[in-house]
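Counting starts at 1 for both ligands and their atoms, in listed order. Nothing here was measured: the structure is a model prediction, and the numbers come from that model.
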Amino acid sequence: MEINFTLTFQGAAGSTTGSRHLLQVDDKLILLDCGLYQGRREETTRQNKQFRFNPAALHSVLLSHAHIDHSGNLPNLVKQGFGGTIHTTTATRDLCQVMLLDSAHIQEHDAEWLNRRNRKRGRGEIIEPLYTMDDANEAMGHFQSVGYHHPFHVLQDVKVTFYDAGHILGSSSVIIDLRRGEEVFRLAYTGDLGRANLPLLRDPEIPHNVDWLVLESTYGSRIHDPIGEAKEELRETITRVAARGGKIIVPSFSVERTQEVIYYLNELTNEGRLPPIPVFVDSPLAINVTEIFRLHADCFDRETRRLLLEDGDPFGFSRLSYVRDVEESKRLNSLVGPCMIISASGMCEAGRIRHHLANSIEDPKNCIMFVGYQAENTLGRKIVERQPEVNIFGEPYRLRAEVVTLNTMSGHADQNDLAAYARVVRDNSPRLKKVFLVHGEEESRTALAARLRADLGLKAVIPQLGERHLLDGKDQRDPS
Ligand SMILES: [Zn+2]
């Protein structure tokens with residue numbers, strides 16, 4: 001029987017943003033994720049505006065999780081004619097409801113800012129936002145949610161099941177069973193993978209009987225510090241900076257990292273091991289997202305569910321304030337004395353965090369604490385690399401504050417985790433043919449591919465942007 005499945009890599013091939021992979025089954029097109037590119041403005045604008053396929057020709061979208069680099073271009077997809085269904089888990093849909101609207105707000109705001117600047121410079125050019133709040137609301141109308149382990153058919157011969165990816169609330173690996181006559185082939189797209197023993201979340205589930213694996217590789221070349229050290233490092237940093245009267249500024253992803261930091265702070269407070277400094281979560285998005293976390297206790301691991309019974313609120317303690325109001329946020333700038341401010345965005349590219357950085361970055365008493373991955377060309381990456389001077393709002397600032405990176409807080413599997421995952425897939429998949437490495441910078445993908453080939457004898461493929469691969473049912477596994 002003729003097999004005609006192809007997979008085309010339309011984004012996050014050689015980078016970690018803009019995840020979009022196109023699965024073709026006969027004449028039907030199914031998109032895996034529809035993320036935004038993040039990084040240099042000119043480059044990302046072009047990549048986000050234009051799809052390398054016709055959105056109107058897509059049958060459906062399978063969405064792995066709510067992070068903007070996986071979901072953030074959905075409103076634009078709908079705006080450009082996509083009329084099908086976006087399938088995802090219930091928690092991911094709820095998160096997208098707030099995150100896509102927030103993203104639209106940023107798009108509108110950025111366009112306004114650029115238009116004002118153009119007017120000042122006497123240029124007549126009008127820049128349209130990538131999408132608006134209306135477009136985001138329109139996109140939400142296309143969502144259909146389903147629980148983990150509830151298989152559903154997107155096409156008669158295409159059955160999909162979401163497995164828990166253990167990366168953020170609602171995150172899934174997308175397991176796709178493709179029927180051809182009597183035979184069934186399995187394509188597994190990991191989405192982003194978490195790590196065993198992350199707070200709040202269950203460990204990633206590993207699929208069996210896989211023919212083709214699309215594996216993320218964010219940390220394909222690195223090994224994280226053990227997870228148990230995160231809470232101690234957090235305590236140690238806060239104690240040290242508070243003792244010298246400094247502020248701790250935490251650029252944090254509104255989803256998951258912020259809630260994990262709060263979860264640890266709550267535990268440390270219950271244990272009486274935190275210096276008595278005020279803690280602020282200054283991000284309306286993070287506050288909305290925390291509310292969604294409270295609604296989805298079904299997604300938590302056993303330990304968090306137990307804590308919920310004892311503590312009642314793992315996301316609240318007496319010295320913690322949630323700041324929604326802009327004026328209140330501005331007042332944080334004039335605070336004297338040690339405090340901790342957790343704000344978004346996580347890579348410092350947008351949002352209130354930039355004000356806090358501008359206000360704190362030049363004082364060596366202060367500390368900027370990173371708890372998540374910083375992509376190339378972002379302000380966060382420049383600070384992590386300790387560039388002596390960085391631009392914020394177009395102005396140069398001297399980087400004199402201490403910079404701390406808590407790699408232990410990473411929500412991504414590291415090289416060991418990824419190799420262990422691939423080993424379990426291999427041992428339980430007699431027909432495994434190829435592993436496609438996506439969502440990693442070149443160095444990460446190359447290192448992981450080498451390890452998968454050498455240690456596991458796997459055929460690891462590093463697809464480039466726009467590359468189309470035939471998923472050949474007759475392909476045998478052979479090391480390359
Ligand atoms: Zn993610």
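Of the residues Asp177, Leu178, Leu213, Ile176, the one that meets the side-chain contact (heavy atoms from CB on, under 4.5 Å) test with Arg186 is Asp177.
Remark: aromatic rings of Phe162 and Phe152 are close, center separation under 6.0 Å. Ring centroid separation for the pair His439 and His21 does not come in under the 6.0 Å cut-off. Residues Phe253 and Tyr373 keep their aromatic ring centres 6.0 Å or farther apart.
Within Asp192, the N/O/S atom positioned nearest the Zn ion (ligand 1) carries the name OD2. Looking at His65 and the Zn ion (ligand 1) together, the shortest N, O or S contact belongs to NE2.
At least one N/O/S atom of His67, whether from backbone or side chain, sits less than 2.8 Å from the Zn ion (ligand 1). When distances to the Zn ion (ligand 1) are checked against a cut-off of 2.8 Å, Asp69 contributes no N, O or S atom below that limit. The Zn ion (ligand 1) has His167 among its coordinating residues (N/O/S atom, backbone or side chain, under 2.8 Å).
Classification of Arg431 and Asp211 as a salt-bridged pair holds, one side-chain N sitting under 4.0 Å from a carboxylate O.
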